[in-house]
Amino acid sequence: MCGIAGFVGTADIAPKLIRALKTLEYRGYDSAGIAVRTDAGTQRRRAVGKLAALDKVVADAPISGTCGIGHTRWATHGPATEPNAHPHTAHGVALVHNGIIENYSALKTELADAGARFESDTDTEVVAQLIAQNIAAGQVPRAAFASALDRLKGAFAFAALIDGAEGSIFVARRGSPLVIGISDGQISTASDTLALVGEADEVIYLEDGDWGEISLKNIALFGPNGEPVSRNAQPAPRSAAAADKGPYRHFMLKEIYEQPDALAHTIGHYLNPGSGALVLPDLPIAANDIRRIVLVACGTAAYAGMVAKYWLE
């Protein structure tokens with residue numbers, strides 16, 4: 001699952017982006033990249049493989065600025081190559097994306113017929129090109145971003161930089177999670193609050209369909225219908241221990257050894273601490289009246305569902 005990070009503030013953003021992406025390594029990825037708004041315009045650095053490769057690219061060709069976005073990609077559309085790595089750019093638009101754009105093929109054909117030239121195999125570049133087309137048609141950045149969202153089918157979380165809104169990051173979520181972080185002198189965004197530990201004092205969890213423009217001066221959020229919305233801020237998490245491999249070689253090994261603790265925490269929620277008896281919550285239907293149970297899952301969760309199937313039967 002891909003990871004998103006974005007910062008706008010007063011300090012140099014590139015190191016913050018890479019640190020945040022390292023916190024998201026547990027999600028798995030095969031390439032990574034960052035885009036930073038510099039004095040010479042938005043510049044991009046990308047690399048295939050682990051974040052150490054991106055570290056080297058940035059060290060060899062440094063970029064500095066106070067507004068930027070970053071991404072770790074797990075290949076879906078197209079192989080793990082540098083042209084397919086995020087961020088994707090198009091005529092003053094830089095964009096990172098989690099999710100799948102289901103109608104990207106039709107949009108890509110439409111854009112290509114209008115003269116767009118594509119550098120990648122991804123569905124994400126289609127969105128960047130669509131925003132750029134709206135800008136070329138005379139729309140201001142916020143309207144161009146919103147208009148592009150209206151054309152999309154599928155699930156996504158976006159963070160985008162658009163020329164003409166130099167101090168802003170545009171964000172949106174539909175199906176995929178995205179959070180906004182708030183602290184003195186900095187506004188941030190990420191696909192997981194763990195990436196904002198130590199960077200944000202408060203967080204705002206975007207609701208499905210929310211989109212907006214965030215900057216040091218303002219956080220403007222809108223619902224699916226374009227009407228302004230207000231979302232409550234909550235205290236930010238203080239620990240990133242869940243995203244730390246600890247003494248283990250990789251996260252899968254860590255998860256295997258954490259299974260006893262995870263089960264204990266789950267079961268402990270339903271135990272009476274005094275008697276040790278199991279106390280189940282009241283169900284809206286009597287257990288004996290249940291005739292059919294459907295378990296929906298994929299990947300390793302599907303295997304867990306198969307085991308549960310036998311238990312329930």
Side-chain angles (χ1 to χ4, degrees), residues 1-11 13 16-17 20 23-24 37 66-71 93-99 101 127-128 130-131 134-135 139-240:
M1 189 174 180
C2 309
I4 286 175
F7 295 92
V8 54
T10 57
I13 293 301
K16 289 176 177 284
L17 287 170
T23 308
L24 298 174
R37 202 176 285 287
T66 57
C67 183
I69 53 177
H71 191 267
V93 176
L95 181 130
V96 294
H97 165 218
N98 290 355
I101 305 302
V127 184
L130 189 58
I131 297 170
N134 293 340
I135 294 285
Q139 294 185 3
V140 298
R142 186 184 293 184
F145 185 72
S147 297
L149 298 180
D150 289 340
R151 300 287 312 278
L152 305 179
K153 296 179 181 178
F156 53 74
F158 293 129
L161 307 178
I162 304 176
D163 283 0
E166 277 69 19
S168 295
I169 299 175
F170 293 87
V171 296
R173 68 149 297 195
R174 185 191 300 166
S176 297
L178 199 66
V179 62
I180 295 170
I182 305 169
S183 61
D184 288 340
Q186 181 173 276
I187 302 296
S188 49
T189 188
S191 49
D192 191 321
T193 52
L194 291 173
L196 304 183
V197 170
E199 296 288 354
D201 299 321
E202 294 182 308
V203 292
I204 296 173
Y205 295 94
L206 295 184
E207 296 186 9
D208 204 49
D210 283 354
W211 65 276
E213 180 180 356
I214 61 175
S215 69
L216 282 178
K217 296 180 180 179
N218 189 36
I219 297 176
L221 299 178
F222 305 89
N225 60 0
E227 293 295 319
V229 295
S230 177
R231 304 297 182 213
N232 293 329
Q234 304 176 31
R238 299 300 178 189
S239 171

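Starting from 1, each residue takes its place in the sequence as its number. Worth saying up front: this structure is predicted, and the values here are computed from it rather than measured.
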Please give me the minimum heavy-atom distance between [X] and [Y], naming the atom from each residue.
| X | Y | answer |
| --- | --- | --- |
| Asn98 | Gly3 | OD1-N, 3.8 Å |
| Ser168 | Ser215 | OG-CB, 3.8 Å |
| Leu161 | Cys67 | CD2-SG, 3.8 Å |
| Ala160 | Leu95 | CB-CD1, 3.8 Å |
| Cys2 | Ser191 | O-OG, 4.2 Å |
| Ala200 | Ala236 | O-CB, 3.1 Å |

Problem - Sequence neighbours excluded, every pair satisfying side chain to side chain donor-acceptor pair (under 3.5 Å) that has a member inside residues 150-162 - result: Glu110-Arg151
Handout entry: From CA spacing to verdict: side-chain contact (heavy atoms from CB on, under 4.5 Å), Leu216, Thr66
Key = CA-CA 11 Å; Leu216 282 178; Thr66 57; over 6 Å; no
Completion exercise
The side-chain contact (heavy atoms from CB on, under 4.5 Å) partners of Ala144 (sequence neighbours excluded) come to Ile131, Asn134, Ile135, Gln139
Exercise for the section: Applying side-chain contact (heavy atoms from CB on, under 4.5 Å), name anything that partners Ala159, two or more places apart in sequence or on another chain. Expected result: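 side-chain contact (heavy atoms from CB on, under 4.5 Å) check on Ala159 returns Ile4, Ile69, Val96, Ile169, Thr189.
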Which atom pairs, donor and acceptor, lie under 3.5 Å between side-chain atoms of residues 222-230 and protein residues at least two apart or in another chain?
from, atom 1, to, atom 2, distance (Å)
Asn225, OD1, Glu227, N, 3.0

Problem - Any residue meeting ring pair (Phe, Tyr, Trp, His ring centres under 6.0 Å) with Phe158, in chain and number order, not counting sequence neighbours - result: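 Testing Phe158 for ring pair (Phe, Tyr, Trp, His ring centres under 6.0 Å), a comparison that skips the adjacent residues, returns His97, Phe156.
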Exercise for the section: Nearest 0.5 Å please: distance from the CD1 atom of Ile182 over to the CD1 atom of Ile187. Expected result: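 If we round to the nearest 0.5 Å, Ile182:CD1 and Ile187:CD1 are 5.5 Å apart.
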Handout entry: Heavy-atom side-chain proximity of Leu206 to Val171 below 4.5 angstrom
Key =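 Side-chain contact under 4.5 Å: yes.
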Problem - Any side-chain heavy-atom pair of Ile219 and Ile214 under 4.5 Å - result: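 The answer is yes, as the side chains (C-beta and beyond) meet within the 4.5 Å cut-off.
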Practice task
Show your reasoning for whether side-chain contact (heavy atoms from CB on, under 4.5 Å) applies to Val127 and Ile101.
Solution key: CA-CA 9 Å; Val127 184; Ile101 305 302; 4.1 Å; yes
Just grab all the salt bridge (Lys or Arg N to Asp or Glu O under 4.0 Å) pairs involving [range], residues at least two apart or on different chains.
| range | result |
| --- | --- |
| residues 205-218 | Arg142-Glu213, Arg173-Asp208, Glu207-Arg231, Asp210-Arg231 |
| residues 190-200 | Lys16-Glu199, Arg19-Glu199, Arg27-Asp192 |
| residues 176-188 | none |

Handout entry: Sequence-distant partners of Asp201, salt bridge (charged side-chain N to carboxylate O under 4.0 Å, His left out), two or more places apart
Key =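 Per chain and number, Asp201 pairs via salt bridge (charged side-chain N to carboxylate O under 4.0 Å, His left out) with no residue.
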Handout entry: Residue list, side-chain hydrogen bond (donor to acceptor under 3.5 Å, both in side chains) with Asp163, at least two apart or on another chain
Key =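 In terms of side-chain hydrogen bond (donor to acceptor under 3.5 Å, both in side chains), with neighbours along the sequence ignored, Asp163 is linked to Arg37.
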Practice task
For residues 169-209, pull every pair meeting ring pair (Phe, Tyr, Trp, His ring centres under 6.0 Å), keeping only residues two or more places apart or in separate chains.
Solution key: Phe145-Phe170
